[in-house]
Colleague: 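The structure follows.
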Amino acid sequence: MKKSIAVLVLSISGALYAQEPSVIVDSARVETLRLNNINYLLKSEVVNDGLNVVDKTALYPSTISQLGQRLKVIALYDTQITPYIDIESKKDTVQVKAQYIDNKLKKGVVIEPNGDKDLAVVYYDNAIPQYRYIQDCDYHFYTFISSELDKNDEVRNKFYDLEEGELLPFKQEYVDGTWQSWDKGLQKEEITLEGITIPATLYYTKDDNKERMMWKLTDNKGLLHYVLVQREGSMIVVYEQSFSQQGNKGIEPYLNVASLINVGFDKKRVKARTENKESISDIYFENYGKLDWKKPNQYIFDYIRKSDKKMIRSRVVLDKSITANDIFFDFIVALANNPELFRRDVGLKDFDYSQLIKANIIHLVGDKKPLYLLEK
């Protein structure tokens with residue numbers, strides 16, 4: 001039986017190249033290489049000299065590269081890949097294995113760079129990549145919140161297997177020489193929102209029953225936020241969560257959730273759950289009240305009804321647990337105060353959102369004729 005490699009020297013710097021002279025351990029050739037600033041060992045062993053078949057095992061530091069936890073999650077759901085990974089036999093290291101014929105990769109798993117900051121776990125068969133696992137924040141949040149909304153336990157349970165701050169690996173298929181995007185079934189566009197510097201990314205989808213849009217935006221403090229808005233029937237739900245990076249770990253604060261429904265003809269209700277508490281807030285549509293009326297946690301928007309030129313006041317009375325002037329607040333107020341939102345002939349995509357952050361308002365655009373005009 002061949003002896004195992006007992007010592008793994010780890011350091012950080014540089015790009016992929018041979019770090020030290022090769023050594024022979026029990027007829028296996030061992031090299032120290034570097035990938036995306038992480039040193040690892042590559043052990044090559046000839047299994048058929050005549051056919052030039054070589055098995056190669058790469059040993060990576062699980063603590064530095066975070067490959068250990070990622071491979072554990074992958075192994076829970078992908079039995080095809082498990083024969084080529086080893087996350088248990090050596091402390092603080094993970095191993096991936098592949099077979100080469102005539103120095104060309106034939107079958108197995110290798111680790112490849114995916115940009116400067118991510119590593120891809122790639123599965124090959126017949127010398128062709130079949131799929132790979134990568135990290136993608138947009139995919140993680142869209143999949144997580146969609147699984148909550150759809151009550152998809154099969155997908156939702158995968159998130160429970162993640163350590164805090166870990167992203168769900170995205171299985172990316174390789175088809176006709178191209179890596180397939182996770183969002184190929186969604187509309188995607190960049191939208192400029194007044195009040196923040198960096199353009200937001202909007203993902204959108206619609207079927208017969210519901211509309212769903214996810215906003216990816218960066219506030220002026222540099223913090224990344226994801227906001228998913230869904231309209232189904234007579235209810236709108238809003239999910240919001242920020243995301244930041246600390247070292248190799250992600251930081252995900254509390255997931256804020258709100259639902260918005262009509263209550264009669266002149267009232268909307270918001271039920272919200274934040275880190276502070278669960279709350280109920282009301283939005284009133286009134287044709288009376290002093291123009292200068294202003295109270296704490298109340299936000300006034302005056303509209304003119306086009307049919308009779310009468311003023312309709314939208315008075316948003318928010319529970320104080322919904323922190324003013326943050327992203328969750330901006331979306332709640334902008335959606336809640338608009339009297340057109342629940343019209344049967346309009347959808348979420350029929351609104352202009354450019355002033356959502358700056359002024360907390362949205363308005364109809366395109367061929368949808370507004371029934372109300374906001375008084376400036």
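When reading the values below, keep in mind they use all heavy atoms of this one structure, side chains included, and skip hydrogens, waters and symmetry mates.
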Colleague: Is the shortest distance from a Lys or Arg side-chain nitrogen in Arg156 or Asp153 to a carboxylate oxygen in the other one below 4.0 Å?
Modeller: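 A salt bridge is present here (some side-chain N lies under 4.0 Å from a carboxylate O).
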
Colleague: Would you kindly confirm whether Ile322 and Val333 end up in one hydrophobic cluster when ILVMFWY residues are joined by side chain heavy atoms under 4.5 Å apart?
Modeller: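 Same hydrophobic cluster.
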
Colleague: Under 4.0 Å between a side-chain nitrogen and a carboxylate oxygen: does that hold for Asp319 and Lys277?
Modeller: yes

Colleague: For the side chain of Asp102 and the backbone of Asn52, is there at least one donor-acceptor N/O pair under 3.5 Å apart?
Modeller: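 Flag not set: sc Asp102 to bb Asn52 has no pair under 3.5 Å.
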
Colleague: Does some side-chain heavy atom of Ile134 sit less than 4.5 Å from a side-chain heavy atom of Arg132?
Modeller: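 Result yes, sub-4.5 Å side-chain heavy-atom pair found.
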
Colleague: Closer than 3.5 angstrom, by distance alone: can the side chain of Asn152 be matched with the main-chain N or O of Val155 as a donor-acceptor pair?
Modeller: yes

Colleague: Run the ring-centre check on Phe328 versus His225 and record whether the distance is less than 6.0 Å.
Modeller: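 No, too far apart.
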
Colleague: Parallel, tilted or perpendicular: which fits the ring planes of Tyr139 and Phe170, with parallel below 30° and perpendicular above 60°?
Modeller: tilted

Colleague: Check whether Phe243 and Ile198 end up in the same hydrophobic cluster, where Ile, Leu, Val, Met, Phe, Trp and Tyr are linked by side-chain heavy atoms less than 4.5 Å apart.
Modeller: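 No, it is not one cluster - the side chains of Phe243 and Ile198 are not joined through contacts under 4.5 Å.
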
Colleague: With under 30° as parallel and over 60° as perpendicular, where do the rings of Tyr203 and Trp182 fit, or are they tilted in between?
Modeller: tilted

Colleague: With side chain to side chain donor-acceptor pair (under 3.5 Å) as the test, would you mind laying out the steps for Tyr204 and Glu211 before giving the verdict?
Modeller: CA-CA 8 Å; Tyr204 175 80; Glu211 289 180 277; 2.5 Å; yes

Colleague: Can you confirm whether more than 12 heavy atoms, excluding those of Asp116, are under 6.0 Å from its CG atom?
Modeller: no

Colleague: Salt-bridge test for Arg315 and Glu286: reply yes if a basic N is under 4.0 Å from a carboxylate O, no otherwise.
Modeller: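 A salt bridge links Arg315 with Glu286.
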
Colleague: List the steps, then state whether ring-ring contact (aromatic ring centres under 6.0 Å, His included) holds for Tyr77 with Tyr133.
Modeller: CA-CA 12 Å; Tyr77 303 100; Tyr133 288 95; 9.9 Å; no

Colleague: I'd like to know if Arg212 and Asp150 make a salt bridge, using a cut-off of under 4.0 Å between side-chain N and carboxylate O.
Modeller: yes

Colleague: Determine whether more than 12 heavy atoms belonging to other residues, nucleotides or ligands lie under 6.0 Å from atom NZ of Lys206.
Modeller: no

Colleague: What I want to find out is whether Asp326 reaches Lys221 closely enough, with some N-O distance under 4.0 Å, to be called a salt bridge.
Modeller: no

Colleague: Does the side chain of Glu340 pick up a donor-acceptor pair with the side chain of Tyr303 at under 3.5 Å?
Modeller: no

Colleague: Under a 3.5 Å distance rule, please check whether Glu375 uses its side chain to pair with a backbone N or O of Leu373 as donor and acceptor.
Modeller: no

Colleague: side-chain contact (heavy atoms from CB on, under 4.5 Å), that's the test. Do Asp136 and Gln172 meet it? Break it down for me.
Modeller: CA-CA 11 Å; Asp136 189 300; Gln172 188 175 35; over 6 Å; no

Colleague: I'd like to know if the side chain of Asp78 pairs up with that of Tyr123 as donor and acceptor (distance under 3.5 Å, no hydrogens or angles considered).
Modeller: no

Colleague: Between Lys349 and Glu189, is there a salt bridge with N-O shorter than 4.0 Å?
Modeller: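 Salt bridge present between Glu189 and Lys349.
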
Colleague: Under the side chain to side chain donor-acceptor pair (under 3.5 Å) criterion, do Tyr226 and Asp138 qualify, and how do the steps go?
Modeller: CA-CA 8 Å; Tyr226 288 92; Asp138 296 7; 2.5 Å; yes

Colleague: Can you list the steps and then say if Leu162 with His140 is a side-chain contact (heavy atoms from CB on, under 4.5 Å)?
Modeller: CA-CA 11 Å; Leu162 300 176; His140 173 91; 3.9 Å; yes

Colleague: Of the non-hydrogen atoms in Pro169 and Val73, which two are nearest, and what is the gap between them?
Modeller: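 Closest approach of Pro169 to Val73: CD-CG1, 4.1 Å.
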
Colleague: Taking atom CG as the centre, does Asp49 end up with more than 12 heavy-atom neighbours from other residues, nucleotides or ligands that are less than 6.0 angstrom away?
Modeller: no

Colleague: Any side-chain to backbone donor/acceptor pair from Gln95 onto Thr57? Under 3.5 Å, distance only.
Modeller: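 Flag not set: sc Gln95 to bb Thr57 has no pair under 3.5 Å.
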
Colleague: Within the side chain of Asp352, is there an N or O that forms a donor-acceptor pair under 3.5 Å with the backbone of Ser354?
Modeller: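 Present.
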
Colleague: Please report the interatomic distance CD1(Ile357) to CD1(Ile196), rounded to the nearest 0.5 Å.
Modeller: 5.5 Å

Colleague: Quick one: OH on Tyr40 to CG on Leu119, what's the gap to the nearest 0.5 Å?
Modeller: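 With rounding to 0.5 Å, OH (Tyr40) is 10.5 Å from CG (Leu119).
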
Colleague: Can you tell me how far SG of Cys137 sits from CG of Leu168, rounded to the nearest 0.5 angstrom?
Modeller: 11.5 Å

Colleague: Between atom NZ of Lys268 and atom CD1 of Ile261, what is the distance when rounded to the nearest 0.5 Å?
Modeller: 11.5 Å

Colleague: Please round to the nearest 0.5 Å and tell me the distance separating atom CG of Leu348 and atom CZ of Arg231.
Modeller: 6.5 Å

Colleague: Is Phe301 reachable from Ile312 through a run of I, L, V, M, F, W or Y residues, each pair having side-chain heavy atoms under 4.5 Å apart?
Modeller: yes

Colleague: Between the side chains of Tyr239 and Gln230, does any donor sit under 3.5 Å from an acceptor?
Modeller: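 Side chains of Tyr239 and Gln230: no pair found under 3.5 Å.
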
Colleague: Looking at OH of Tyr174 and CD of Gln130, how far apart are the two atoms once the value is rounded to the nearest 0.5 Å?
Modeller: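 Answer for the OH-CD pair, Tyr174 versus Gln130, is 10.0 Å.
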
Colleague: Any chance NZ of Lys271 has more than 12 other-residue heavy atoms, nucleotides or ligands included, within less than 6.0 Å?
Modeller: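 Check fails, neighbour count at 12 or below.
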
